[in-house]
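All values below were derived from every heavy atom in this structure, side-chain atoms included, with hydrogens, water molecules and symmetry-related copies excluded. Numbers restart at 1 for each chain; the letters A, B, ... are given by sequence-line order, proteins then strands.
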There are 2 protein chains.
Amino acid sequence: MDCREERLPHQSAALGAGLSGSQSVDRALGLLSLIGREPAEGLPLGEIVAGSGLNKPTTRRLLMALMRAGLVEQEPQTRRYCLGEEAFVLGVLAARRHGLLEMAMDSLRRLARETQDTSFLTVRRETYAICLHREEGTYPVRTHALQGGDQHPLGVGAGSLAILAALPDGDVDRIVAANEAALLARYPGFAPEAIRADIVATRERGVSLNPGRLVASSWGIGRAFRYPDGRVAGALSIAAIDSRMTPARQSELAALLTREAVRMEALLAPMFLSKRGEKPMAAKPQPIETGRAR
Amino acid sequence: MDCREERLPHQSAALGAGLSGSQSVDRALGLLSLIGREPAEGLPLGEIVAGSGLNKPTTRRLLMALMRAGLVEQEPQTRRYCLGEEAFVLGVLAARRHGLLEMAMDSLRRLARETQDTSFLTVRRETYAICLHREEGTYPVRTHALQGGDQHPLGVGAGSLAILAALPDGDVDRIVAANEAALLARYPGFAPEAIRADIVATRERGVSLNPGRLVASSWGIGRAFRYPDGRVAGALSIAAIDSRMTPARQSELAALLTREAVRMEALLAPMFLSKRGEKPMAAKPQPIETGRAR
DNA sequence: AGAACAAGGTCCATATTATGGACTGTCGGG
DNA sequence: CCCGACAGTCCATAATATGGACCTTGTTCT
């Protein structure tokens, strides 16, 4: 069982690269993920073609397959492609196991009630962060910089930054490098160096702080929490108008976030009863590799 | 634009059947749906092979592709395959458009509060019904016959029956026929004829009633609601112990369900601003057919 | 008008990709 | 120690997915 890294010499060199044996499926699922990045409006065929690197006929054929399965739908008016009802239903089904949101709802509600500001649950998805939920507070001035389903590169925004800062340095480097182009092009004020500085500050402080860098006057404060095996599970964060983010109140909010993060980690504890001492940094669940060759 | 049924003579006969041009993607997505049927435990490879009709290597290869995309995960201990985190995230993203659950939450909460019993939102998925949410009531004796994510053939259970009864007769026939084997094998008390009788009763009454046929003493009452174009969108239902389902209370609950169903239909109204008078019975959103041949 | 463009959608010969029969490795029970 | 059941893998073959070229529809510019 511990022969995990035994690489035999005769492994066919052609397989070395990512030759999966299911090219079209990989491509189709890539499209799905791409469409998921624009959950509100959907994407026109042209952009999907451009964004995926595939050509038009192939893209369209794969989209048809996704539509047959109900995972994607095409808006009849605009001809844009967007996530379908089946994707929604699958999500509800998957929520039984991956019920992060379910688990976090209590925390989010409590944070929103106690602080009167808006609270968020954010998770990581590759090099991006996704806002899974936004729980409105009661305070009359609210920032709408972040909606449920919104996605930004890791490091952009409080929850996103908290997650990034919680990752090991190697991952941070890869992620920031991967996002560099997007950051420079679409996130002025989030140059790679700025993000690195933010990470240092976040690690010192224990919580992340976004001083209105994405939308002026819209501040955020966040804190990551982990699975029992050490992997980062997500982040809780709170957004408020700048006047409600004085240093004193920051500490107050940090304490609340910490309390809820601890609660989340306690809730997640039962998930890993497995005693297998795998290296805790495994970036992804990763398929089991039983056989010899790779 | 209205040349939709012009079938040219030269269409290659081989295409007549469901030759999609993306067999493997179709198969992979079929597996995804299959795995979704067992959201709690996941499925072992053998059952997926059997359930899909594919052979082992193909099944495994496709599963690997789904795992690479994060839509499926393999439980390390049991080696069972289950829905992955990405499926959950996609669902949250899709919820922006297909926010039935979101829309229904108010109704479900109100029903649960007013009746003290447990309320449910159910939607159709092909020939099955899926319970999307279960909102607990406060009454101390609660039935747990139906959990969120549970799936039963259309006609089995209150919400499921309400949906089936709301469909046109042609669909009903197809669905009951398709489910016949499953019904006879796994749902004693829900023979096809019994379901047909239930449908008649439901249509007369306006609401469906399940008099403890799935789990003794666990009764349910349900009502379907529609999209503005006439398609059935889903059903609201209430479950309670038999003693809380006297005829008098049934009428009471029916009134509440009707009120909430009307509300849901009002909420759904803005979805179809399109004036295109397509035939309202189109079973599925269906890909657009622009070109000439089919 | 009409021409010119852009974007969505489709065809079909080709070569790459997916397929599945046969095989190996692993666990648990007797 | 052997057996059966189950998970996972190999590889020649056949079927499938690919993408360049093309067609159609709607929009913008003269």
### Task
Tell me whether the guanidinium CZ or amine NZ of B/Arg96 lies under 6.0 angstrom from the six-membered ring centre of A/Phe88 and within 45° of its axis.
no
### Given D/dG8, C/dT19, C/dT10, the nucleotide with the shortest approach to the side chain of A/Arg60
C/dT10
### Listed nucleotide nearest any side-chain atom of A/Gln74, set D/dA7, C/dG8, D/dA17
C/dG8
#### Entry: Atom pair distance, as rounded to whole Å: CG in B/Asp26 and P in C/dA18
14 Å
### Message
With a 4.0 Å limit, can you tell me whether B/Gln23 has a side-chain N or O closer than that to the phosphate oxygens OP1/OP2 of C/dT19?
### Response
yes
### Task
Using only side-chain N and O atoms of B/Arg79, determine if any of them is under 4.0 Å from OP1 or OP2 of D/dC6.
no
### Query
In whole Å, what is the span from the CG atom of A/Leu63 to the P atom of C/dT10?
12 Å
## Note on the structure
Rounding to the nearest 10°, end axes of the helix from C/dA1-D/dT30 to C/dG30-D/dC1 built from five pairs each make an angle of 40°
### Query
Ion pair present between A/Arg97 and B/Glu73, side-chain N to carboxylate O less than 4.0 angstrom?
no
#### Entry: Interatomic distance, A/Met64 CE vs D/dA17 P [rounded to whole Å]
14 Å
### Task
Please state how far atom CZ in B/Arg27 lies from atom C1' in D/dA15, giving the value in whole angstrom units.
10 Å
### Message
Below 4.0 angstrom, which residues in residues 44-58 of chain A have at least one non-hydrogen atom near DNA chain C?
### Response
A/Pro44, A/Leu45, A/Gly46, A/Lys56, A/Pro57
### Message
Does D/dA17 have its OP1 or OP2 closer than 4.0 Å to a side-chain nitrogen or oxygen of B/Ser24?
### Response
yes
### Task
Round to the nearest Å and state the distance from A/Arg80 atom CZ to C/dG8 atom C1'.
13 Å
